[in-house]
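Read the structure below first, then the notes.
Counting starts at 1 for both ligands and their atoms, following the listed order.
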Amino acid sequence: SKSPIRVAVTGAAGQITYSLLFRIASGAMFGPDQPVILQLIEVPVEKAMKALEGVAMELDDCAFPLLKGMVLTDDPRVGFKDANWSLLVGAKPRGPGMERADLLKDNGKIFISQGKIIDEVAAEDARVAVVGNPANTNCMIAASQAKRLPAERFTAMVRLDQNRAQAQLAKKAGVDLTTVKNIFIYGNHSPTMFPAFGHATIGGKPATEVITDSAWLQGPYCETVGKRGAAIIAARGLSSAASAANALIDHVRDLTTPGAIHSIAVKSNGLYGFDASVWAGMPVRTTTPGSYEVITGYTMDDFAKSKIAATNKELVEERAAVADML
Ligand code: NAI
């Protein structure tokens with residue numbers, strides 16, 4: 001039988017993790033034969049650590065056969081020690097009246113420190129997935145601190161956007177969503193992101209031949225996917241949590257499944273018109289567990305190019321806002 005892998009999770013007493021941790025422990029992320037040790041990291045605040053104890057009690061009470069241990073800590077050095085995967089979910093939310101630049105800087109401090117510590121203490125094969133917003137830029141910041149780990153090990157999540165896009169296209173076409181394939185998210189996890197439909201297929205045919213209403217694709221479709229997070233907040237009074245947790249399960253599971261084709265945010269290296277040093281959503285193919293290659297060669301029409309330019313601009317501005325910290 002396999003030896004356990006160590007999975008560090010920040011924000012472990014938060015909303016998303018309350019949906020996430022139970023599924024990791026059940027085998028949904030790493031497979032039904034892969035034991036895990038959860039290293040749960042929260043802030044050094046009594047209320048947070050108390051809530052974390054409660055979550056750990058519930059994990060105990062599930063009697064998950066694959067859960068071989070838990071570490072509860074407010075010390076990132078302990079939490080990231082020997083971690084094979086570090087899932088960075090915790091972040092500082094935007095407070096009332098807070099400027100975007102301040103949000104970027106406050107989170108920048110967190111991700112600089114976590115990036116450094118992961119680089120120092122995590123496992124040889126360490127992989128990092130960032131969910132906490134602004135996810136792309138937080139990921140770029142964490143990666144900037146790594147001396148040992150290559151930048152490719154740091155990915156940010158755009159899978160929730162991909163899943164949202166898939167569901168919207170299936171609904172419009174009136175088909176089962178499993179027939180909708182090759183939907184990729186380009187750029188930032190923010191309303192500027194481009195949920196590309198030009199290379200998507202529905203039942204093996206180009207999506208644009210099945211959904212011929214190009215005004216819908218360019219307008220309401222992109223808008224619905226881009227503003228879905230805000231729509232969930234308006235409806236639920238809380239931000240998306242179960243769907244975000246589910247997307248992270250998909251992100252990591254596909255990233256550990258050779259041959260899987262999916263969207264993740266990675267260092268752009270200048271592909272698809274993105275600035276070389278930003279982390280942008282891209283289509284990738286998983287090569288070996290935890291590694292991937294960007295799928296190149298998709299051609300972009302003028303509409304796609306303008307969408308990519310807009311989301312790239314936002315990523316470049318975010319990078320500029322934290323440049324003095326890197
Ligand atoms: P939440 O506020 O319920 O939980 C966040 C938790 O993180 C809190 O318990 C907090 O104490 C903890 N935390 C904050 N700073 C930390 C640090 N330095 N180390 C360890 N823990 C820390 O928030 P929720 O709803 O779980 O969302 C978490 C993040 O995920 C937010 O930034 C949110 O914007 C983002 N998000 C990203 C999505 C994506 O698609 N990339 C989708 C949905 C949410």
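More than 12 heavy atoms of other residues, nucleotides or ligands lie within 6.0 Å of CD in Glu209, so this atom counts as buried by the packing criterion. In the displayed structure, Tyr18 atom OH is contacted under 6.0 Å by at most 12 heavy atoms of other residues, nucleotides or ligands.
With a 4.0 Å heavy-atom cut-off, ligand 1 is reached by the backbone of Asn133 and by its side chain too. By the criterion of a heavy-atom distance under 4.0 Å, the side chain of Leu160, and not its backbone, is placed next to ligand 1. Residue-level proximity to ligand 1 for Ala91 is carried by backbone and side chain together, each with a heavy atom below 4.0 angstrom.
The closest approach between Glu42 and ligand 1 falls below 4.0 Å for a heavy atom of the residue. Contact analysis leaves Ala241 out of contact with ligand 1, as no non-hydrogen atom separation drops below 4.0 angstrom. Taking 4.0 Å as the cut-off, Ser240 counts as a neighbour of ligand 1 on heavy-atom distance.
Evaluated by nearest non-hydrogen atom to atom 39 (C) of ligand 1, the leading choice among Gln114, His189, Gln15 is His189.
Close contacts of ligand 1 with Ala244, meaning ligand atoms under 4.0 Å from a residue heavy atom, involve 42 (C), 43 (C). Listed by number with element, the atoms of ligand 1 under 4.0 angstrom from any heavy atom of Ile41 are 20 (C), 21 (N). Each of the following atoms of ligand 1 lies closer than 4.0 Å to a heavy atom of Ser239: 25 (O).
Taking a distance limit of 4.0 Å, we find that atom 11 (O) of ligand 1 is approached by some protein heavy atom.
Remark: ligand 1 and Ala48 share no N or O pair separated by less than 3.5 Å (distance only, no angle test). Polar contact check, Ile110 against ligand 1: no nitrogen or oxygen pair lies under 3.5 Å apart.
No side-chain donor-acceptor contact under 3.5 Å links Asn188 to the backbone of Ala280. Under a 3.5 Å cut-off, the side chain of Arg148 and the backbone N or O of Asp119 do form a donor-acceptor pair. With hydrogens and angles disregarded, a donor-acceptor distance shorter than 3.5 Å links the side chain of Asp275 to the backbone of Ser277.
Among all non-hydrogen protein atoms, the one lying nearest atom 15 (N) of ligand 1 is Val43 CG1, 3.6 Å. Looking from atom 37 (C) of ligand 1 to the surrounding protein, the closest heavy atom is Val131 O, 3.0 Å. Among all protein heavy atoms, the one lying closest to atom 21 (N) of ligand 1 is Gly11 N, 3.2 Å. Closest to atom 5 (C) of ligand 1 among all protein heavy atoms lies Gly14 CA, 4.2 Å. Here the protein heavy atom with the shortest distance to atom 30 (O) of ligand 1 is Ile16 CD1, 3.4 Å. Nearest to atom 28 (C) of ligand 1 among the protein's heavy atoms is Val89 O, 3.3 Å.
Checking Arg100, Lys92, Arg94 one by one against Asp106, the salt bridge (Lys or Arg N to Asp or Glu O under 4.0 Å) holds for a single residue, Lys92. With respect to Val89, the side chain to side chain contact (heavy atoms under 4.5 Å, CB included) criterion is satisfied by exactly one of Ile16, Ile41, Leu21: Ile16.
Taking the six-membered ring for Trp and the full ring otherwise, the centers of Phe184 and Tyr298 sit less than 6.0 Å from each other.
Between Phe274 and Tyr186, the ring planes lie parallel to each other; the angle is under 30°, not in the 30° to 60° tilted range. Using the six-membered ring where Trp is involved, Trp216 and Tyr221 have ring planes that are tilted, between 30° and 60° apart.
Going from atom CG of Leu103 over to atom CE of Met98 covers 5.0 Å, rounded to the nearest 0.5 Å.
For the 3.5 Å distance criterion, the side chains of Thr224 and Arg164 fail to qualify, holding no donor opposite an acceptor.
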